[in-house]
Amino acid sequence: MKKAILLSLLFSCVFIGCSQKEQIVFKEKIVCVEQQKVERVQPVQMRVYKDDVDVAVAYKTAIDSNITFYENQVDRNNTFCKEVSK
């Protein structure tokens, strides 16, 4: 057991001595792609049970909020890319 610990310490010291002394730092390069919004689908009337109306309305609200969030992301990305490219 002691030999294994000593050998692992020895090998770690050997490999530390072989490591690079210089740190490589990559410069940031922003790549912009113009994003486009997809038209929303027209609402469709569905027949659901009375017990499921609240679930369907909550589902529609969640989908609408997600779509709005991603449309705002597209707008922010496009304005950022326009500012960076100037």
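As the structure is a prediction and not an experimental result, all values here were calculated from the model. Computed from heavy atoms alone, side chains included, the values below leave out hydrogens, waters and symmetry copies.
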Would you compute the distance between atom [atom1] of [X] and atom [atom2] of [Y] and round it to the nearest 0.5 angstrom?
X: Asn72; Y: Ile67; atom1: CG; atom2: CD1; result: 12.0 Å
X: Asp52; Y: Asp54; atom1: CG; atom2: CG; result: 9.0 Å
X: Glu34; Y: Ser85; atom1: CD; atom2: OG; result: 10.0 Å
X: Cys32; Y: Asn78; atom1: SG; atom2: CG; result: 9.0 Å
X: Glu83; Y: Ile30; atom1: CD; atom2: CD1; result: 11.0 Å
X: Met46; Y: Tyr59; atom1: CE; atom2: OH; result: 9.0 Å

Chi angles and distances behind the side chain to side chain contact (heavy atoms under 4.5 Å, CB included) call for Gln35, Asp75: CA-CA 8 Å; Gln35 298 177 345; Asp75 290 337; over 6 Å; no
- request: Identify whether the distance between the nearest side-chain nitrogen and carboxylate oxygen of Glu71 and Arg40 falls below 4.0 Å.
  value: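 Salt bridge: yes.
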field: Sequence-distant partners of Asp64, side-chain hydrogen bond (donor to acceptor under 3.5 Å, both in side chains), two or more places apart
entry: Lys60
